[in-house]
S.K.: 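Take this structure, written in structure tokens, and hold onto it; I'll ask about it next.
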Protein chains: 2
Amino acid sequence: MLQKLDIITLGLLRQGPHTGYDVRRWLNRYGWALGYSAQTSQIYRQLGRLVERGWAASTPDPRGSGPDAKLYALTEDGREAFEAWVDSPYQPAERPMDPDFQVRMYFSRHRGPATLLELVRMELRFRRAQHDRRVPLDAGLIGTGTGPRADSGDADDAAWALEASLLLESRGRLLAATLIAWLESAEDRLAHLAAALPAPSPSPDPLPDSASRKAETR
Amino acid sequence: MLQKLDIITLGLLRQGPHTGYDVRRWLNRYGWALGYSAQTSQIYRQLGRLVERGWAASTPDPRGSGPDAKLYALTEDGREAFEAWVDSPYQPAERPMDPDFQVRMYFSRHRGPATLLELVRMELRFRRAQHDRRVPLDAGLIGTGTGPRADSGDADDAAWALEASLLLESRGRLLAATLIAWLESAEDRLAHLAAALPAPSPSPDPLPDSASRKAETR
DNA sequence: CCCCGCTATTCCGAGAGTGGAACGGCGTGG
DNA sequence: CCACGCCGTTCCACTCTCGGAATAGCGGGG
């Protein structure tokens with residue numbers, strides 16, 4: 001199975017040849033929107049893996065300063081593997097905040113609104129069902145039966161512990177509700193767009209180039 | 001350094017002896033509030049690690065059905081290691097949705113509101129700063145300069161790609177804003193509670209027992 | 001003049017996590 | 001009676017990820 005970093009590297013290389021450093025810069029800057037980040041070492045390892053699998057090839061690219069850069073470009077196999085992934089079935093992740101969905105959405109967008117609409121709908125269905133299944137935390141705190149409590153502190157402590165847990169639980173519920181709300185509005189938007197332009201076609205877009213360098217948002 | 005699962009197992013065992021299955025059940029049920037989940041195999045491995053380090057000891061506990069269960073209990077060293085972690089400095093994670101904060105909050109709650117208040121404030125400061133540093137995604141899509149664009153599709157495609165990216169970006173911003181809002185309200189709440197009860201004291205609380213079994217919320 | 005930050009890549013050990021599968025006995029509902 | 005779900009543990013082969021350090025040359029600011 002293809003991992004997140006597989007997709008990200010393939011997806012970025014699909015837009016044209018890039019160096020490991022380009023990928024790193026892109027991730028440091030925009031990774032937040034995907035909820036993903038990666039160590040430098042990992043990125044280069046990943047690019048190495050792509051070459052091993054024959055999905056990318058690197059050509060040396062001399063730079064004015066420092067060591068030569070390696071420009072990685074997708075091979076035909078790589079392109080095929082990537083497109084095969086886009087067509088592969090999507091299974092929403094258990095953890096709602098995992099990058100899976102965002103990665104899928106970002107790197108499937110060249111297929112047009114209809115594809116994304118389907119994706120969003122699948123995610124929405126899954127998250128709604130998941131949301132309904134949630135068991136309140138306090139049940140885990142209070143306990144409903146058998147075990148005779150060992151040594152519960154005074155009532156104040158128990159009350160405080162419950163309070164704290166409920167606070168934390170509210171975080172989860174709030175974020176889940178927000179996520180669902182966003183999915184709903186995205187569904188709306190995409191439905192309109194899909195109706196407007198029915199024909200999809202692939203097109204590349206660039207990574208941030210060195211001209212717009214500055215802070216790497218670390 | 002202690003990992004999340006280290007903390008979770010230590011924190012749960014601190015409340016009294018439990019089997020690997022108990023931990024698994026707890027995680028499946030309530031892990032969502034922490035944004036964390038783990039494979040069964042991993043839990044047992046983790047418990048084994050605790051024993052290796054001398055932080056827990058297991059005693060066989062014959063059950064009516066199936067194989068004997070192993071009841072894991074914290075040792076004195078384990079308790080110390082756990083409390084040392086509670087006192088250790090907290091460094092917010094890069095990725096806002098990583099379980100780090102929630103784990104910290106949940107398993108520090110026995111220290112009382114003041115501790116959590118400090119924790120929440122640290123997290124809040126960090127997330128606000130991070131939020132301000134975000135670079136809009138479209139800058140990464142449009143590109144500002146040097147590289148001559150290879151073959152950009154027609155304007156429609158570019159417009160659509162931007163549209164899709166902005167949609168995804170709005171998800172990130174919305175969730176970040178929601179998270180910050182929650183942190184603010186939590187700060188409020190904790191400030192009140194801390195003012196009300198100044199004296200902290202540790203107290204245990206139970207895992208969900210078998211009486212309240214039912215669905216494991218998968 | 002010196003230090004810092006940016007570009008750019010490489011290497012490595014350790015262990016965390018994935019994604020199953022296997023086994024067995026009990027109780028329950030159909 | 002049979003199937004299924006619950007309880008409970010174990011094992012495995014990877015693969016991914018973490019974290020840090022090392023190297024190097026250039027340019028700019030103080």
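What you see is a predicted model; the values in this text were computed from it and never measured. Below, chain A is the first sequence line, B the second, and so on; all start at residue 1.
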S.K.: Phosphate oxygens OP1/OP2 of C:dA16: is one of them under 4.0 Å from a side-chain N or O of B:K4?
M.R.: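 For B:K4, the contact criterion (side-chain N or O under 4.0 Å from OP1 or OP2 of C:dA16) is not met.
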S.K.: Could you give the CG-to-P distance, from B:L71 to D:dG8, as a whole number of Å?
M.R.: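 Atom CG in B:L71 sits about 9 Å away from atom P in D:dG8.
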S.K.: Scan A:Q3 against the nucleic acid and name what it touches under 4.0 Å (heavy atoms): base, sugar-phosphate only, or nothing.
M.R.: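 Sugar-phosphate: the residue A:Q3, judged by heavy atoms under 4.0 Å, touches backbone atoms but no base.
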S.K.: When you match B:R95 and B:Y44 each to their closest nucleotide on DNA chain D, which lands nearer the 5' end?
M.R.: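 Closest to the 5' end, via its nearest nucleotide, is B:Y44.
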S.K.: Take atom P in D:dC7 and the same atom in C:dG20, then report the distance between them in whole Å.
M.R.: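 Roughly 22 Å separates the two P atoms.
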S.K.: So, do B:Y106 and B:W26 have ring centers that fall under 6.0 Å from each other?
M.R.: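 Close enough - the centres of the two rings lie under 6.0 Å apart.
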S.K.: Give the nucleotide from the list C:dT10, D:dT17, D:dT9 with an atom nearest to the side chain of A:T40.
M.R.: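 Among the listed nucleotides, the one closest to the side chain of A:T40 is C:dT10.
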S.K.: Does one side chain, of A:H110 or A:Q15, offer a donor that lies under 3.5 Å from an acceptor on the other?
M.R.: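 Per modelled atom types, A:H110 and A:Q15 side chains form no pair under 3.5 Å.
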S.K.: Counting Watson-Crick and G-U wobble pairs with both distances under 3.5 Å, what is the dot-bracket string for DNA chain D, 5' to 3', using [ ] for crossing pairs and | for pairs to another strand?
M.R.: |||||..|||||||||||||||||||||||
S.K.: With heavy-atom distances below 4.5 Å as the criterion, would you say the side chains of B:E94 and B:Q130 are in contact?
M.R.: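 In contact.
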S.K.: Rounded to whole Å, how long is the line connecting atom OH of A:Y21 with atom P of D:dG25?
M.R.: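 Roughly 17 Å, once rounded to whole Å.
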S.K.: Tell me, do A:Y72 and A:L50 make a side-chain contact under 4.5 Å, heavy atoms counted?
M.R.: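 A:Y72 does not reach A:L50 side chain to side chain.
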S.K.: Let me know the distance between CZ of B:R24 and C1' of D:dC6, rounded to the nearest Å.
M.R.: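 The distance from CZ of B:R24 to C1' of D:dC6 comes to 10 Å, rounded to the nearest Å.
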S.K.: Can you tell me how far NE2 of B:H18 sits from CG of B:L74, rounded to the nearest 0.5 angstrom?
M.R.: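 That separation rounds to 9.5 Å.
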S.K.: Take atom CG of B:D68 and atom P of C:dG25, then tell me their distance rounded to the nearest Å.
M.R.: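 Nearest whole value for this atom pair: 13 Å.
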S.K.: Check whether the side chains of B:R49 and B:Q46 place a donor and an acceptor atom closer than 3.5 Å, and report yes or no.
M.R.: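 Yes.
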S.K.: Taking only nitrogen or oxygen atoms into account, show me every contact under 3.5 Å that the protein makes with nucleotides 12-15 of chain C, one pair per line with its distance.
M.R.:
none

S.K.: Is there side-chain contact between B:L124 and B:R128, with heavy atoms separated by less than 4.5 Å?
M.R.: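 Yes; the side chains approach each other to less than 4.5 Å.
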S.K.: Do A:R104 and A:S88 pair up side chain to side chain, a donor and an acceptor below 3.5 Å, judged on atom types alone?
M.R.: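 Note: A:R104 and A:S88 side chains meet the donor-acceptor criterion.
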S.K.: Write down the distance between CG (B:L2) and P (C:dA16), rounded to a whole number of angstrom.
M.R.: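 For the pair B:L2 CG and C:dA16 P, the rounded distance is 10 Å.
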S.K.: If the condition is side-chain hydrogen bond (donor to acceptor under 3.5 Å, both in side chains), which residues does A:R121 pass it with, not counting sequence neighbours?
M.R.: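 Here the qualifying residues are A:E187.
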S.K.: When you measure from the side chain of A:R53, which nucleotide among D:dC16, C:dA16, D:dT10 comes out closest?
M.R.: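 Of D:dC16, C:dA16, D:dT10, D:dC16 is nearest to the side chain of A:R53.
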S.K.: Can you measure A:L50 atom CG to C:dT9 atom C1' for me and round it to whole angstrom units?
M.R.: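 One finds 16 Å between C1' of C:dT9 and CG of A:L50, rounded.
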S.K.: Would A:R14 and A:T9 satisfy side-chain contact (heavy atoms from CB on, under 4.5 Å), going step by step from the backbone distance to the final call?
M.R.: CA-CA 8 Å; A:R14 185 187 145 273; A:T9 45; over 6 Å; no
S.K.: What is the distance from CD1 of A:I7 to P of D:dC16, rounded to the nearest Å?
M.R.: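 Roughly 12 Å, once rounded to whole Å.
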S.K.: Starting at the 5' end of DNA chain D and moving along, which residue's nearest nucleotide shows up first, B:G20 or A:D6?
M.R.: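 By nearest-heavy-atom nucleotide position, the 5'-most residue is B:G20.
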S.K.: How many whole angstroms separate atom CD of B:Q39 from atom P of D:dC11?
M.R.: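 So the CD-P distance, B:Q39 to D:dC11, works out to 17 Å.
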